[in-house]
Number of protein chains: 2
Amino acid sequence: MKVLDKNTEKKILDAAKTVFIKKGFDGARMQEIADEAIINKALLHYYFRNKDKLFDAIFSDAFVKFIPKIGETMLSQKHFFDKIKLLVESYIDMLTRNPHIPIFILHEINRNPQRIIQILSKGGANPEMIFKVINTEIKKGTIIPVKPQHLIVNIIALCIFPYAGRPVIQGFIFKNNNKTYQKFLKERKTEVSNFIINAIKKK
Amino acid sequence: MKVLDKNTEKKILDAAKTVFIKKGFDGARMQEIADEAIINKALLHYYFRNKDKLFDAIFSDAFVKFIPKIGETMLSQKHFFDKIKLLVESYIDMLTRNPHIPIFILHEINRNPQRIIQILSKGGANPEMIFKVINTEIKKGTIIPVKPQHLIVNIIALCIFPYAGRPVIQGFIFKNNNKTYQKFLKERKTEVSNFIINAIKKK
DNA sequence: ATTATTTTTGACCATCCGGTTAAACTATAT
DNA sequence: ATATAGTTTAACCGGATGGTCAAAAATAAT
């Protein structure tokens, strides 16, 4: 009975997300996505003409999540250190909900760097405003002189890496203990912002 | 004339490294590796029985580079901050020479996390010694109290991320300007160690 | 020079995989 | 009730791909 069924398109997108994110574009099989969605393979091609089209739908959705909403947070009226805390916390929260997105995005972007140029051409980033905010704080004397570019990259690096590099870190540093690693990830919400604030705070 | 030829095995490994690191296991084609090595495809299977075997040779080599020799540096007799400077500098140097290794390793580890368990079982890591060194510095009062696990992950994250996330960072923050990005990467050798030392230094 | 061994090659094979097609099934409109 | 449009399926296709094989070419051993 159709009414009870989840919208087929949604079923396909969910299945495709699972498979693409786990296996990457090259490793994913249309048949596997069909199986995961419990539908006929031809139906995939009925809804999404081909593998590329289906992939694009998944990718662009994941990519939005991957780029933190750094602008909104930075332009608010809070104290600079609170902005950092907020940014780190909300970004790590998002990564906790979508832990496999980082490697997926990083790998696929690398496989096809052209894609990023397309994304940018559709009006993507405006880092200048953020640079400005950071430079203002330097002039105000809240923080020591740092190149804004490095600060931004550092913040994102510290948030993302434990998710992108999870198997390695968990293996080498945590003797593959899953629970300990979960605890570690939770700790980072405060640990990372403290680390950053310490690194740039003027005394 | 054979004497003039580079050892065939070496030719294959070089070609395989290029192709695997660029395309990943699933994206790489045995024919493409053969072409890159300018040999017949059957010869690949003569030297390395199958794709997996060939891949393993490449992977394990790349993996060694991916894990920084953090132990050696940390156990030397230098000042702790000099150890950090040295570690960061040598690791970033390595990454500059092998900029594509991070995404390759991160993606492939994720595709097959089982592999990391095998690696560990062959006697891989001993982080306890490093934890000890860091804890000693905390007791000595060189640095503020930090959990060693977080510090180690932070150091590696700050080094690796600009390479793993290059296309995104270069695109969004540097308007795809290659030269500016190169400059940025060079700056990080000092920028990252300063950032870390500031974050943990006791005043 | 002849034989044995190793290296290299072209041709080939079975399977996998993205994609198509025509027909069946379902729901809606008239 | 019947035509129309939308949805789903089984069967199929052609090209790509990992891998094999037997024979040729090169090298080493006698």
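Here is how names work: the chains are called A, B, and so on, in the same order as the sequence lines, proteins then strands, and each is numbered from 1. We use all heavy atoms of the structure for the numbers below, so side chains are in, but hydrogens, waters and symmetry mates are not. The structure presented is a predicted model; accordingly, all values stated were derived computationally and were not measured.
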(request) Scan A28(A) against the nucleic acid and name what it touches under 4.0 Å (heavy atoms): base, sugar-phosphate only, or nothing. (result) sugar-phosphate
(request) Just call it for N40(A): base, sugar-phosphate, or nothing, with non-hydrogen atoms closer than 4.0 Å on any strand. (result) base
(request) Please report, rounded to the nearest Å, how far the P atom of dA11(C) is from the NE2 atom of H45(B). (result) 18 Å
(request) Measure the distance from NZ on K41(B) to P on dT9(C) and round it to the nearest whole Å. (result) 13 Å
(message) As a test of reading the structure: which of dG18(D), dT9(C), dT9(D) is closest to the side chain of A42(B), going by heavy atoms?
(response) dT9(C)
(message) Less than 3.5 Å apart, any donor N or O on the side chain of N112(B) or E108(B) sitting next to an acceptor on the other?
(response) no
(request) Inspect the contact between D93(B) and R97(B) and indicate whether a charged nitrogen and a carboxylate oxygen are less than 4.0 angstrom apart. (result) no
(message) Let's test your reading of the model: under 3.5 Å, does the base of dG19(D) pair with the side chain of K51(B) as donor and acceptor?
(response) no
(message) Whole angstroms only, please: what is the CZ-C1' distance between F25(A) and dC17(C)?
(response) 12 Å
(message) Under a plain distance cut-off of 3.5 Å, with no hydrogens placed, do R188(B) and N154(A) share a side-chain donor-acceptor pair?
(response) yes
(request) Using atom CD1 of I39(B) as one end and atom P of dT7(C) as the other, report the distance to the nearest whole Å. (result) 13 Å
(message) Which nucleotide wins on minimum distance to the side chain of L43(B), given the candidates dT7(C), dG19(C), dT20(D)?
(response) dT7(C)
(message) If I take atom CG in residue N50(B) and atom P in nucleotide dT17(D), what distance separates them, rounded to the nearest angstrom?
(response) 17 Å
(message) Both conditions, 6.0 Å and 45 degrees, for the charged tip of R166(B) above the ring of Y181(B): are they met here?
(response) no
(request) Could you check how far CD1 of I33(A) sits from C1' of dG19(C), rounded to whole Å? (result) 14 Å
(message) dT7(D), OP1 or OP2 - any side-chain N/O from T8(A) closer than 4.0 Å?
(response) no
(message) Tell me whether K17(B) is salt-bridged to D61(B), with the criterion being a basic N under 4.0 Å from an acidic carboxylate O.
(response) no
(request) Find the distance D35(B):CG to dT9(C):C1' and express it as a whole number of Å. (result) 14 Å
(message) From the set dC17(C), dT17(D), dT8(C), return the single nucleotide nearest to any side-chain atom of Y46(B).
(response) dT8(C)
(message) Can you tell me if R29(A) touches the phosphate of dC16(C), counting only side-chain N or O atoms and a distance under 4.0 Å to OP1 or OP2?
(response) no
(request) Just call it for Y47(A): base, sugar-phosphate, or nothing, with non-hydrogen atoms closer than 4.0 Å on any strand. (result) sugar-phosphate
(message) Just the rounded figure in Å: distance from C1' of dC16(C) to CE of M30(A).
(response) 15 Å
